[in-house]
Number of protein chains: 2
Amino acid sequence: MGEQRLKRPRMADVAREARVNRITVSRALSHPELVAEDTLERIRAAIARTGYVPNQIARGLKAEHSRIVSLITPPQMSGVYGAVLERLSAALYESGLIVNLFPVLDIEAQREAVLPELIGWKPAAIVIFGIQLTETARQSLLDRHTPVVELLNYRADSPDTCVGYDQAEATEILTDHLLDRGYRRIGYVHSANPLNIMNERRLSGFEKAITARKGTVRMLGGTRPAAPAADTWIAGTEIKCFPGFQAGYELMQHLHEHDRMPDALLYASDMVAVGALQYCLSHGLTPARDIGLCAVDGTELTSVIKPGLTSLDFPYERVVEYGAEQILRHVNDRTAAPERIRIPAKVLHRQTT
Amino acid sequence: MGEQRLKRPRMADVAREARVNRITVSRALSHPELVAEDTLERIRAAIARTGYVPNQIARGLKAEHSRIVSLITPPQMSGVYGAVLERLSAALYESGLIVNLFPVLDIEAQREAVLPELIGWKPAAIVIFGIQLTETARQSLLDRHTPVVELLNYRADSPDTCVGYDQAEATEILTDHLLDRGYRRIGYVHSANPLNIMNERRLSGFEKAITARKGTVRMLGGTRPAAPAADTWIAGTEIKCFPGFQAGYELMQHLHEHDRMPDALLYASDMVAVGALQYCLSHGLTPARDIGLCAVDGTELTSVIKPGLTSLDFPYERVVEYGAEQILRHVNDRTAAPERIRIPAKVLHRQTT
DNA sequence: CTGAAAGCGCTTACAG
DNA sequence: CTGAAAGCGCTTACAG
């Protein structure tokens with residue numbers, strides 16, 4: 001009894017039950033449209049009776065690709081990335097695809113090394129977010145006709161399928177929002193990780209909004225920056241900051257204690273912004289009045305925190321929904337052309353600006 | 001040129017380069033201790049020269065198990081689970097193991113169905129957290145000698161390897177903390193998901209602390225509970241609440257508006273607690289004085305929020321570190337005995353109690 | 001310590 | 001619409 005359980009039914013067992021060849025069973029599973037309806041019915045019944053579950057490993061060996069979707073994940077899974085990952089893996093699982101995690105550090109060499117390893121799993125598709133592939137990496141994927149889908153970042157000139165909002169536009173409309181509300185010396189706080197493609201585009205949107213009003217954008221390195229110059233009418237400053245609540249708290253503390261407060265701060269990360277907000281609340285600074293605060297990442301946290309943090313209004317659910325659709329489209333047709341889906345975002349004005 | 005790039009080197013190519021048989025190359029990779037040092041050296045050089053990367057799919061077909069670690073993930077990846085997942089996948093990746101995500105819903109049937117599928121990938125190990133396996137599920141894994149490692153939940157009587165803190169003790173010491181500080185009518189707020197094994201143990205710790213002081217524990221279903229009875233000296237109430245910031249906010253609102261406030265609330269989830277805290281701050285309720293608040297999940301959020309939320313002080317990093325160690329131990333020796341690692345936790349007293 | 005044989009469980013051409 | 005043959009790239013006994 002216990003011994004028998006050790007042997008899972010194989011495709012041959014199903015074939016015997018259904019009185020067809022193993023090939024036909026395989027076809028019924030992979031290309032049911034090529035199999036006659038009554039044969040299909042017999043095979044389905046046999047599968048149910050035997051409790052057959054395909055061996056995915058064997059399938060992937062001969063097949064052009066496995067049922068694996070490789071996700072190259074940036075560090076920092078809690079927050080937006082975690083929410084997207086959770087929903088994406090559930091959506092793909094329903095379609096019989098399994099998500100594999102390939103974590104990469106903020107190191108170029110490691111990012112290069114992950115590719116051959118990843119290809120060894122013959123993924124049906126590759127999903128990236130918060131990460132930029134190197135040119136050689138992209139080329140080797142193209143050579144294997146492995147589709148790449150980028151989430152959370154729309155670019156009109158993307159070589160791959162992408163689903164997201166325009167990062168440059170996001171920071172531009174948020175900066176315009178700050179300028180419209182009268183803030184003049186504005187800092188843009190982000191991690192400045194050069195491997196995160198979003199950073200560059202976000203910064204460019206910030207610059208665009210500032211310079212459009214004849215302002216100056218100054219780049220200040222480090223996590224202990226000086227304030228934007230007070231002698232220009234409009235000044236934008238890039239401020240680098242490690243991710244996380246604590247770093248946001250400490251950055252604000254530094255600016256406050258060294259009397260280098262700008263009029264407003266635009267944060268790439270909601271967590272860093274919330275950390276800053278907590279500093280303000282516990283040190284007599286009134287958000288909006290003493291300092292404007294807003295964040296690009298508009299998670300649930302920004303809406304439930306008091307005072308509510310002004311942020312981008314952006315439907316993550318739809319990114320996952322469309323993203324999963326696109327992945328399936330490419331898995332079913334490896335020669336499908338890339339599609340670029342721009343999901344509009346707008347400013348959600350709350351109490352911190 | 002471009003054509004050649006399409007063909008990855010295979011094991012046979014390395015064997016030719018190193019002037020050995022393919023089998024020896026295979027052995028050098030899987031069981032290097034069985035290969036002579038100089039042969040090993042030649043093979044290593046050949047691998048470097050050819051740029052060979054093993055085809056993991058082919059490996060898994062004949063091998064007893066693949067290099068996949070299957071993670072059965074509960075919903076809610078943002079928060080603690082996301083942080084653990086991120087670090088675990090990075091740690092395992094360094095050892096050549098890839099994490100596969102098997103998302104399960106809070107539905108028993110779906111949880112049963114995932115197992116055969118999961119086994120189809122011949123995982124080297126299975127990792128669970130926040131989820132309880134059914135007895136038939138565990139049995140079928142045992143039959144295949146697939147090791148199971150449970151994270152974040154220590155149980156002395158666990159049949160599998162586990163690394164975490166004692167959930168019952170966690171809520172017991174937090175409840176004791178509340179009682180010591182004078183709170184008498186205490187509610188325990190959690191998702192009450194019957195598939196999450198932690199819930200049961202956490203609830204038992206809460207009950208134990210209450211009854212130890214001659215209190216009564218009453219179970220109130222639903223998300224709109226009545227307050228604990230005021231006529232008993234000590235009263236504990238179980239309150240069910242959906243996860244997330246917003247749900248915590250709304251629950252507190254309900255208790256407040258219907259004049260059903262207990263003295264203190266103990267939350268399973270830090271996010272729910274933070275949502276409740278935000279309600280208090282914006283409705284004239286002073287945490288600690290008007291209502292004591294504390295949470296089991298002691299994430300960075302609880303420490304950076306103002307006022308700081310009393311929570312469990314628990315080293316997640318070590319769970320991942322020990323967890324990865326245990327997984328590797330079982331992968332290298334499938335007959336290894338389960339080990340139960342209890343990581344102590346203590347109360348981190350902040351400003352909300 | 002190293003090698004010749006067989007096979008893991010499927011899928012992909014190719015016939016019919 | 002269905003089937004006989006070959007093979008995907010490795011690993012596992014078994015010899016020597």
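When reading the values below, keep in mind they use all heavy atoms of this one structure, side chains included, and skip hydrogens, waters and symmetry mates. Proteins come first, then strands; the chains are lettered A, B, ... in the order of their sequence lines, and each starts at number 1.
Within the 3.5 Å criterion, the main-chain N or O of A337(A) finds a donor-acceptor partner in the side chain of R329(A). Side chain of R27(B) to main chain of V35(B): no donor-acceptor pair is present (N/O by atom type, distance under 3.5 Å, no hydrogens or angles).
Listed by residue number, the members of residues 19-43 of chain A with any heavy atom below 4.0 angstrom from DNA chain C are R22(A), I23(A), S26(A), S30(A), H31(A).
Running 5' to 3' along DNA chain D, contacts with non-hydrogen atoms of chain A at under 4.0 Å begin and end at dC1(D) to dG9(D).
A donor-acceptor pair shorter than 3.5 Å cannot be found between the side chains of R59(A) and Q56(A).
Here L34(A) contributes atom CG and H31(A) contributes atom NE2; the two are 7.0 Å apart, rounded to the nearest 0.5 Å. We find the CG-OG1 distance between L101(A) and T73(A) to be 5.0 Å, quoted to the nearest 0.5 Å. Within the model, atoms CE of M11(B) and OG1 of T24(B) stand 10.5 Å from one another, a figure rounded to the nearest 0.5 Å.
Test L85(A), L88(A), T161(A), L71(A) against L151(A) for side chain to side chain contact (heavy atoms under 4.5 Å, CB included) and you get one pass: L88(A).
By the 4.5 Å heavy-atom criterion applied to side chains, L152(B) and Y81(B) are counted as neighbours.
Residue R19(B) places its CZ atom among 12 or fewer non-hydrogen atoms of other residues, nucleotides or ligands, all under 6.0 Å distant.
Using a cut-off of 4.0 Å between Lys/Arg side-chain N and Asp/Glu carboxylate O, R318(A) and E321(A) are scored as not salt-bridged.
Consecutive Watson-Crick or G-U pairing (both distances under 3.5 Å) extending over three or more pairs maps onto DNA chain C as C:1-3 with D:14-16, C:5-12 with D:5-12, C:14-16 with D:1-3.
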